[in-house]
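Below is one structure; the comments refer to it alone.
Nothing here was measured: the structure is a model prediction, and the numbers come from that model. We use all heavy atoms of the structure for the numbers below, so side chains are in, but hydrogens, waters and symmetry mates are not.
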Amino acid sequence: MMADLLDIENLWVRFPTRQGIFDAVRGISFSLGRERLGIVGESGSGKSMTGRAILRLIRPPGIAEADHIRLDGTNLLDLSEKAMRDVRGERISMVMQDPKFSLNPVMTIGDQIVEAYRLHSKASKAKAKAKSLEMLGAVSIRDPERVMRAYPHEMSGGMGQRIMIAMMLIPNPQILIADEPTSALDVSVQRQVLDIMDKLVTVRGMGLIFISHDLNLVADFCDRVLIMYAGRIVEVCDADRLHEARHPYTQGLLNSLPRLSEPRDRLEVLRRDPAWSEAPSVSGRLSAC
Amino acid sequence: MVRGPKRERTAERMLEIEDLNVWFGSGRDRVDAVKGATFSVAQGQSFGLVGESGSGKSTILRAITGLAPDWSGRISVAGAALNKRRARRFFKTVQMVFQDPYASLHPRHSVDQVLGETLYLHGFRDIDACVSKLLDDVGLGQKFRFRYPHQLSGGQRQRVAIARALAPEPDLLLLDEPTSALDVSVQAEILNLLSDLRAARLLTYVMVSHDLSVVGHMCDRLAVMNGGQIVEIMEVAALRAMKASHPYSQHLLAASV
Amino acid sequence: MADASGQTGGLRAWLLTDTPTSRRHARISALYQGWLSFRSNTMAMVGLGILVLLVLIAFAAPLLAPHDPFAQDLGNRLAPLGAPGHVLGTDSLGRDILSRLIYGARITLYIVALVALIAPIAGLLVGTVSGYVGGWVDMVLMRITDIFLAFPRLVLALAFVAALGAGIENAVLAISLTAWPPYARIARAETLTIRKSDYISAIRLQGAGPLRIITTHIWPLCVSSLIVRVTLDMAGIILAAAGLGFLGLGAQPPSPEWGAMISEGRRFILDHWWVATMPGLAIFTVSLAFNLLGDGLRDVLDPKASE
């Protein structure tokens, strides 16, 4: 049995709107070990909000509530904003969908990585630079010296995403939350980025929360999958057994995908059952599996 | 397996492209986006263009529609060769559906305005009746008629965009990644809608996609593009059997599965 | 509106619906939603309140003013605040300051309305044409804009007024002529981003010409940021008009224009401070109101902020 890195109990994310309160995430519980945990669902299912809520990054007027979000015994909800800033980056990092919006366009990549590093540890510039080069190497960037001097716009999408990952890894976090990290990338580049993340999990023993809309990708890449629908977890299963999923929503999603190997005249259309959103959330605990 | 109407083998060519070059900018800044592309699509056929971003697949569509003005070579639609300017009549034959339904509808125009203006521009008379028929055709129904884009989901927006493209009753529909911004369940609905419309209206499709399984589902033939060039044209049966002859296509296939 | 005739709850639901039933319904409900988000901004509501009050005062000036703004009473010159019959005192010719301020609201509104009509519309025309057409048209129009931008505003206005002759209309014209270039710049910048968007490509694929695209597709999107900018600039425009009045190049005596009133009161500022201060406070209040309103409108109208 793996030790839990992160344990979340009864997480809610609410947004007040004119029509009343909108619940984006409705009371989900799950835990994360040293594993690759996939969270899949359609847009609006609350999967991204879950990732943000863990880091307490829900913007007002949105509210995130939970019984606890426990990281190594500390409840993140009890921490001050200042202490939370240390958690972000140092212990839990996040990689967003599009690297173009996460990198500062007027600073060289090297400066940004060095700055990110020195923010967390009071290392000397030279040491920070050496560490940055090492990290760029770790994400399979071939010519790190040149990349350090480049500006973000000179990088391709896959390169940018790898740089983002490198930046997130410098403080050596225990958990990496990746929100659709490869959706903006071409398939062949996608594979490289996934390989890098895979290596990090196995070599460094990190926990990875991989948020994606792509069922096949998650089935292929993760160890365990939470399927979210309308703010709740409807099913939890082992990734390699995703195709045997029992919940009609998961089955519907899988069947609506066109497949090269099985040509069909029409694709199956998901028929939504109102009961799905009413059913209680399934526990995503490791022990529940 | 060929799913289009039987007569397509013998039918006339709907779209013929010969030695097409498309470039942006001039002098030292010139970027050649498409280099010497040649292919043709028969009436009623569905043709796929696949490749990674920057391979020039969308640029071909933009050159056909005149949105990319700098091109050389020969493009002919329904037998008529195109020159640099596109007459309004041309757009009664060729229409396009854009990739991002969030960007392809005017944020301040209601569905009614979008479709009404399109019909008006193409000289339709009973615009009111046409708008409601179009909405029915794309499976939206009348209650969406007076909504603004921000009141619609991604799939609903894409249906509006499809209705707009269908309004002038075109023969050739250019589809630029029509489902890549949508959820898979919505993608299935839109792809089904597109299949139904093709059968009902005997449309010819040229579909750009980075998703081989979508192209495999929708198309009869496809061209694989890399770096602005078409490296291979193959039947969809070959794609399904994973039998690509060019190394790049093999690489793409391997990465996609 | 048969379905709206129920109680207020029904009307509210009708206004907030996601499924409008007619063109008019859709428009009204969009306006109502804008109003709701505007209303939640307290400061903007304060600004709007002040401006509505200003308009009411201007309309009802003859009813509200206790005295004739032009009636001189040399025996009662420079009466202090709270003098009997003259709440805000009198000026150097014994005219009631409160009455003059009330009538001055009409002039201020007149200037504001005219400038707000001329400058942004001229800017919108130049900017959108320049941005959409591009090429040499863009070059020529933008260089003209640059030339206008290069002059200090008040100096250019002074030159115009000097050439055209002093007076409110000419002052308005002069201010408008100096105020349009920034609007042209904004409109052009917006047009450049809008021009590349898919929805403009889509309407081009329906065979729409540049005139239609600019007027029905680009203008509606530029207008909102221009409205915001105009309300934020209003304070400056009022001050410029007041400045011209102060320099004796705007409204001519005995017109109760606020700037001209400050100018007159300037001579007595040390001994009789209220003569210049009261119109100054009026200018300050109205300028502030416009700024608050502009901030609120930006939240409602600016498509970038609302997304």
Side-chain angles (χ1 to χ4, degrees), chain A residues 19 40-45 47 97-98 100 156-158 160 180 182-195 212-220 227-230 248-273 276, chain B residues 1-4 48 50-55 57 101-102 139 153-155 179-196 198-199 209-220 222 226 236-244 248 250-257:
Chain A
Q19 278 80 28
V40 283
E42 296 176 287
S43 46
S45 60
K47 56 189 194 306
Q97 178 168 1
D98 199 334
K100 276 197 201 79
S156 66
E180 305 267 7
T182 59
S183 311
L185 307 178
D186 283 321
V187 271
S188 51
V189 188
Q190 211 170 48
R191 183 55 57 191
Q192 293 169 4
V193 172
L194 291 178
D195 286 346
S212 176
H213 68 281
D214 191 332
L215 286 143
N216 283 333
L217 187 69
V218 169
D220 210 33
I227 294 113
M228 283 189 73
Y229 179 76
Y249 174 65
T250 321
Q251 288 174 343
L253 281 186
L254 285 167
N255 287 336
S256 62
L257 286 168
R259 277 196 210 109
L260 276 180
S261 47
E262 304 162 31
R264 284 172 290 183
D265 268 0
R266 293 179 64 81
L267 294 167
E268 233 170 272
V269 173
L270 183 66
R271 288 193 201 292
R272 287 159 210 274
D273 186 341
W276 297 349
Chain B
M1 195 189 96
V2 177
R3 299 193 297 111
V50 298
E52 305 201 311
S53 50
S55 62
K57 53 194 194 310
Y102 291 89
S153 70
T179 59
S180 68
L182 305 175
D183 280 321
V184 284
S185 61
V186 183
Q187 164 172 289
E189 292 170 17
I190 297 289
L191 292 182
N192 282 345
L193 172 69
L194 287 170
S195 306
D196 295 347
R198 180 155 85 101
S209 182
H210 68 278
D211 188 333
L212 286 177
S213 54
V214 168
V215 167
H217 174 71
M218 290 293 291
C219 299
D220 309 317
L222 65 143
N226 183 27
V236 79
L239 175 75
R240 292 207 179 112
M242 311 282 288
K243 280 189 203 135
Y248 178 77
Q250 287 164 355
H251 159 77
L252 202 62
L253 259 173
S256 302
V257 178

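The greatest number of non-hydrogen atom pairs below 4.5 Å with chain B, out of A:Arg259, A:Glu42, A:Glu268, is found for A:Glu42.
To the nearest 0.5 Å, atoms OG (B:Ser185) and NE2 (A:His213) are separated by 11.0 Å. Separating the CD atom in A:Glu262 from the NE2 atom in B:His217 is a distance of 12.5 Å, to the nearest 0.5 Å. Rounding to the nearest 0.5 Å gives a distance of 10.5 Å between CD of B:Glu189 and CZ of A:Arg266. B:Leu191 contributes atom CG, which lies 10.5 Å from atom CG of A:Leu257 (distance to the nearest 0.5 angstrom).
Results of the side-chain contact (heavy atoms from CB on, under 4.5 Å) test with B:Val184 over A:Asp214, A:Leu267, A:Leu253 single out A:Leu253 as the only residue that passes.
A heavy-atom distance below 4.5 Å is found between the side chains of B:Gln187 and A:Pro258.
The parts of A:Ser43 that come within reach of chain B are both its backbone and its side chain, each placing non-hydrogen atoms under 4.5 angstrom from that chain. Residue B:Asp211 does not touch chain A at all, counting heavy-atom pairs closer than 4.5 Å. Contacts of A:Gln190 with chain B are absent, with no heavy-atom separation under 4.5 Å from either backbone or side chain.
Among all heavy-atom pairs drawn from A:Leu260 and B:Gly216, the shortest one is CD2-CA, 3.9 Å.
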